[in-house]
Amino acid sequence: MGKFVECVPNFSEGRDLSRINAIVDAARAVPGVLVLDVEKDADHNRTVLTFIAPVETAADAMFAVTKKASELIDLNQHKGEHPRMGATDVAPFIPVMDSTIEDCVALAAKAGERIGRELGIPVYLYDKAARVEHRRDLAKVRKGQFEGLREAIGKDPERVPDFGPNRIHPTAGAMAVGARHQIVNFNVNLATTDMEFAKVLAKKIRTTGGGLPALRAKEIFLESKGQVQMSTVLTDYKTTSIKRVLDEMQKDLGPKGVEITGTELIGLTTQEALTDYAVESLKVQGFDKNTQVLETKLLKLLGSWQSGAGLLADALANTDPTPGGGSAAAIAGAMGCALGQMAAGITLRGKKLEESRKPGLTALHARLGRLRGDLQA
């Protein structure tokens, strides 16, 4: 199986379904892209799109959705509860399925450079892709939001972007492009309208306020529900778990008599984070999530290339009209490209390879990857 990355661009539009669909369709049009989830929120006026793509086409897909969003979204007209500085506000690459964080850092730089050059949108590299230490923290990158950055960029040396012009895009704003590990977006809805209490609580529990490590938190008022929401991001759920966040909040919610009316998990969440919550809550002892979760064992078996080949052969052999000859031909072509990539990759790793041959082989490897992506799509 080729290397894939997860892409989770966030857009400053959560109400107009036609715009959201057009942005999602721009991702689907790129070879090899598989859309996993579209999470839209009217109060936040924000959509979180999750898709996976081959390493070879992931940067193209991120560029495509950014371009479409810049055509459809005007930040001057945007109002919502979630902080934002761009039409495409944040665009992280996340390692999955044999890809590495180093692959994602390279993709962030590739996509960011092209977005800045072709679309005229200032791009800030953040988290693992950051080239400036203070830009590892997304909140610092987005400080002031669209309106504040519009005044600061071009004047404040610390706000000079990594790519693109040193001025705000008049309608699409600016954006953060980065590489990161899996996070958990976890919102807690509270039976209160007291924003001052919520503001103090958010500061108390988040990392920057001296609270829990690897946690971002912000108070938001949900107009549609008439209540406060504590919007949190667990940037390392292995360090600070969902249960730990809830336990920490209860220290202040209990004495005030404020109840939790519900919680939300935004976008896709790893099974591990949910399993950890169950194990912590139930106080299960000696539990091994890798061997005792049925679905995990099944997915490991079904995810092998031998199982995949067997499933394809079985599908071709049955009497359904698809997959048929066209699919078989495309798979054969993709396998041919993959073998070419393997041969080029082995040659590139050779210690005796002449330097003059490396650029041509590298270009060939990339071209075969793009062709393989087209055939697989």
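Everything numeric here is computed off the predicted structure, so don't read it as measured data.
For the pair T207 (side chain) and L212 (backbone), a donor-acceptor distance under 3.5 Å is present. For D127 (side chain) and R180 (main-chain N/O), no donor-acceptor pair under 3.5 Å exists by modelled atom type. Using a distance-only test at 3.5 Å, with no hydrogens or angles considered, a donor-acceptor pair links the side chain of R15 to the main chain of A42. Side chain of S99 to backbone of V96: a donor-acceptor contact under 3.5 angstrom is found. Between the side chain of T261 and the backbone N or O of A191, no donor-acceptor pair lies under 3.5 Å. Judged by distance alone, with hydrogens and angles left aside, the side-chain atoms of N76 form a donor-acceptor pair with the main-chain N or O of P170 at under 3.5 Å. Distance alone, capped at 3.5 Å, places no donor-acceptor pair between the S231 side chain and the K218 backbone. Using a distance-only test at 3.5 Å, with no hydrogens or angles considered, a donor-acceptor pair links the side chain of D288 to the main chain of N290. Of the possible donor and acceptor atoms, one in the side chain of N45 sits under 3.5 Å from a partner among the backbone N and O of K79. A distance-only check finds a donor-acceptor pair linking the side chain of T47 to the backbone of E13 [under 3.5 Å].
Atom-to-atom distance recorded for R150:CZ and I168:CD1 is 8.0 Å, nearest 0.5 angstrom. Y124 contributes atom OH, which lies 4.5 Å from atom CG of L149 (distance to the nearest 0.5 angstrom). Annotation: the span from Q376 atom CD to L34 atom CG amounts to 11.5 Å, rounded to 0.5 Å. With rounding to the nearest 0.5 angstrom, the OG atom of S70 is 5.0 Å from the CD1 atom of I121. To the nearest 0.5 Å, the span separating CG on L234 from CG on L215 amounts to 5.5 Å. Between atom CD1 of residue I183 and atom CD1 of residue I266 there is a gap of 11.5 Å, rounded to the nearest 0.5 Å.
Here the side chains of D236 and H181 are not in contact, with every heavy-atom distance at 4.5 Å or above. The shortest side-chain heavy-atom distance between L119 and T66 falls under the 4.5 Å cut-off. Between R216 and R206 the shortest side-chain heavy-atom distance does not fall below 4.5 Å. Looking only at side-chain heavy atoms (C-beta outward), H169 and M175 stay at 4.5 Å or farther from each other. In this structure, F197 and V228 have side chains that are not in contact, with every pair of non-hydrogen atoms separated by 4.5 Å or more. Here the side chains of L282 and F287 are not in contact, with every heavy-atom distance at 4.5 Å or above. The shortest side-chain heavy-atom distance between V5 and I52 does not fall under the 4.5 Å cut-off. For the pair M249 and V245, the minimum side-chain heavy-atom distance is below 4.5 Å.
Between G178 and A129 the shortest heavy-atom distance is CA-CB, 4.0 Å. Heavy atoms only, all atoms of each residue included: A343 and T347 are closest at O-OG1, 2.8 Å. When all heavy atoms of P31 and P54 are compared, the pair lying nearest together is O-CD, 4.2 Å. A pairwise comparison of heavy atoms in V55 and L107 identifies O-CD2, 3.5 Å as the closest pair. Here the closest heavy-atom approach between residue L222 and residue Q229 is recorded as CD1-NE2, 3.6 Å. Closest approach of F93 to A58, counting heavy atoms only: CE2-O, 3.8 Å.
One hydrophobic cluster holds both L253 and I242 under the rule that ILVMFWY side chains link at heavy-atom gaps under 4.5 Å. V8 and M62 are assigned to two separate hydrophobic clusters, defined by single-linkage of ILVMFWY side chains at heavy-atom distances under 4.5 Å. Both I260 and F221 are assigned to one and the same hydrophobic cluster, defined by single-linkage of ILVMFWY side chains at heavy-atom distances under 4.5 Å. Under the 4.5 Å side-chain heavy-atom criterion for ILVMFWY residues, a single connected hydrophobic cluster contains both I205 and M195. Linking Ile, Leu, Val, Met, Phe, Trp and Tyr whenever their side-chain heavy atoms come within less than 4.5 Å puts V90 and I153 in one cluster.
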TODO: Evaluate side-chain contact (heavy atoms from CB on, under 4.5 Å) for T171 paired with I73, printing each intermediate quantity in order.
DONE: CA-CA 7 Å; T171 57; I73 300 171; over 6 Å; no
Open item on the list: Is there a side-chain contact (heavy atoms from CB on, under 4.5 Å) between E280 and S241? Walk through the geometry before answering.
Closed with: CA-CA 9 Å; E280 286 182 71; S241 66; 2.9 Å; yes
Task: Verdict with supporting geometry, L125 and F163, side-chain contact (heavy atoms from CB on, under 4.5 Å) - done: CA-CA 8 Å; L125 296 176; F163 299 110; 3.7 Å; yes
- [ ] Start with the C-alpha gap between L246 and F186, add the side-chain angles, then the distance that decides, and say whether side-chain contact (heavy atoms from CB on, under 4.5 Å) holds.
- [x] CA-CA 10 Å; L246 288 172; F186 179 59; 3.9 Å; yes
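Classification of K243 and D247 as a salt-bridged pair holds, one side-chain N sitting under 4.0 Å from a carboxylate O. With respect to E264 and K225, a salt bridge is recorded, a charged nitrogen being found less than 4.0 Å from a carboxylate O. Using a 4.0 Å cut-off between charged nitrogen and carboxylate oxygen, K358 and E355 count as a salt-bridge pair. A salt bridge does not link D60 to R370: none of the charged side-chain nitrogens sits closer than 4.0 Å to a carboxylate oxygen. R136 has a carboxylate O that lies under 4.0 Å from a charged side-chain N of E133, or vice versa, which qualifies the two as a salt bridge. Under a 4.0 Å N-O distance rule, the pair E71/K68 qualifies as a salt bridge. Using a 4.0 Å cut-off between charged nitrogen and carboxylate oxygen, D276 and K289 count as a salt-bridge pair. By the 4.0 Å N-to-carboxylate-O rule, R159 lies too far from D156 to be salt-bridged with it. Under 4.0 Å is where a charged nitrogen must lie from a carboxylate oxygen, and between R84 and E147 at least one such pair does.
Side chains of T100 and D103: a donor-acceptor N/O pair is present below 3.5 angstrom, by distance only. Counted by atom type alone, Q182 and Y237 present zero donor-acceptor pairs between their side chains at under 3.5 Å.
Within the cation-pi definition used here (under 6.0 Å to the ring centroid, within 45° of the axis), R114 qualifies as a partner of F63.
In the displayed structure, E118 atom CD is contacted under 6.0 Å by more than 12 heavy atoms of other residues, nucleotides or ligands. Around the CZ atom of R167, the shell of radius 6.0 Å holds no more than 12 heavy atoms that belong to other residues, nucleotides or ligands.
Just one of K110, R367, R372 meets the salt bridge (Lys or Arg N to Asp or Glu O under 4.0 Å) condition when paired with E56; it is R372. The side chain to side chain contact (heavy atoms under 4.5 Å, CB included) with L49 is formed by just one residue from the set V38, T88, I20, L36; it is V38.
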